[in-house]
Amino acid sequence: MPSWPTGPAEVCVCFTENPGVIACQLVAQLEDLGVLMEELAQNAPAFPAMSCVSSGDICCAQYTEDDGWYRAQVGSVDGAEATVLYVDYGNSERLPVSRLRQI
């Protein structure tokens, strides 16, 4: 488990929605995140589909911009669609539950 810095740390801004909502990554952890993203790209398509999707579920979600797989948390579910927050990058989107996989 990575340790959190106790003082100033170099970060990379991953996402901004407005001046009050930004998401950052620790630069020291970017290599580890890259390895994780490579593993998800290779393995997530074979992960089981989500049979029952509920708010708060942790999953892999296939991002509509690049069809890549990312770690996500379900925010809300409306029928066959869910809104997810991409936990490593801070952005969110609404997508079909068919684009979610168990993690």
Side-chain angles (χ1 to χ4, degrees):
M1 181 68 109
S3 61
W4 290 99
T6 57
E10 187 176 358
V11 298
C12 172
V13 176
C14 303
F15 175 76
T16 59
E17 185 171 311
N18 61 54
V21 178
I22 63 170
C24 301
Q25 290 288 340
L26 293 170
V27 169
Q29 299 298 320
L30 288 177
E31 186 175 329
D32 292 340
L33 180 60
V35 170
L36 175 64
M37 292 299 102
E38 287 176 19
E39 289 176 2
L40 280 178
Q42 292 174 355
N43 299 312
F47 292 172
M50 305 271 299
S51 57
C52 180
V53 181
S54 300
S55 178
D57 286 351
I58 301 297
C59 61
C60 287
Q62 191 175 28
Y63 186 45
T64 55
E65 291 257 337
D66 63 6
D67 285 330
W69 291 94
Y70 300 91
R71 296 188 301 175
Q73 182 174 22
V74 176
S76 64
V77 181
D78 184 16
E81 292 189 327
T83 300
V84 299
L85 169 68
Y86 293 100
V87 298
D88 294 305
Y89 298 100
N91 56 318
S92 61
E93 72 172 335
R94 186 169 185 79
L95 67 165
V97 295
S98 61
R99 295 177 73 96
L100 304 180
R101 296 288 182 270
Q102 295 177 27
I103 191 169

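What you see is a predicted model; the values in this text were computed from it and never measured. Just so it is clear, the values below take in all heavy atoms, side chains as well, and ignore hydrogens, waters and symmetry mates.
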Report task. Report yes if some heavy atom in the side chain of L100 is under 4.5 Å from a heavy atom in the side chain of Q62; otherwise report no. Result ->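 The answer is no, as the side chains (C-beta and beyond) never meet within the 4.5 Å cut-off.
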
Query raised in the report: How does the hydrophobic cluster around I103 look, that is, which other residues are in it when side-chain heavy atoms under 4.5 Å mark a link?
Result: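 Reading the cluster by chain and number, I103 sits alongside I58.
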
Query - L85 side, atom CG; Q73 side, atom CD - distance, nearest 0.5 Å - result: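 The distance works out to 6.5 Å.
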
Query raised in the report: Which atoms form the tightest heavy-atom contact between S92 and Y86, and what is the distance?
Result: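 What the structure gives for the nearest pair is CA-CD1, 4.3 Å.
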
Query raised in the report: Closest approach of S55 and G75, non-hydrogen atoms and distance?
Result: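 So the minimum-distance heavy-atom pair works out to OG-O, 2.7 Å.
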
Query raised in the report: Does R101 have any side chain to side chain donor-acceptor pair (under 3.5 Å) partners at least two apart in sequence or in another chain, and if so, which?
Result: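 Side chain to side chain donor-acceptor pair (under 3.5 Å) check on R101 returns nothing, list empty.
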
Query raised in the report: Can Y63 be reached from V87 by stepping across I, L, V, M, F, W or Y side chains whose heavy atoms are under 4.5 Å apart?
Result: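 Shared cluster, no.
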
Report task. Look at the side-chain heavy atoms of Ile, Leu, Val, Met, Phe, Trp and Tyr, link any pair under 4.5 Å apart, and say whether V53 and Y70 land in one connected group. Result ->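 Yes, same cluster.
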
Please tabulate, one pair per line, all N/O donor-acceptor pairs under 3.5 Å involving side-chain atoms of residues 38-51, not counting sequence neighbours.
| unit_1 | atom_1 | unit_2 | atom_2 | d |
| --- | --- | --- | --- | --- |
| N43 | ND2 | E39 | O | 3.0 |

Query raised in the report: Which residue pairs satisfy the salt bridge (Lys or Arg N to Asp or Glu O under 4.0 Å) criterion with at least one member in residues 49-67, sequence neighbours excluded?
Result: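 Found D67-R99.
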
Requested in this report: Return the set of residues passing salt bridge (charged side-chain N to carboxylate O under 4.0 Å, His left out) with E93 (not counting sequence neighbours), or none when no residue passes.
Outcome: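 E93: no salt bridge (charged side-chain N to carboxylate O under 4.0 Å, His left out) contacts found.
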
Validation: residues 76-83 side-chain donor-acceptor distances under 3.5 Å, sequence neighbours left out:
| unit_1 | atom_1 | unit_2 | atom_2 | d |
| --- | --- | --- | --- | --- |
| D78 | OD2 | R94 | NH2 | 3.3 |
| E81 | OE1 | R94 | NE | 3.0 |
| T83 | OG1 | R94 | NH1 | 3.2 |

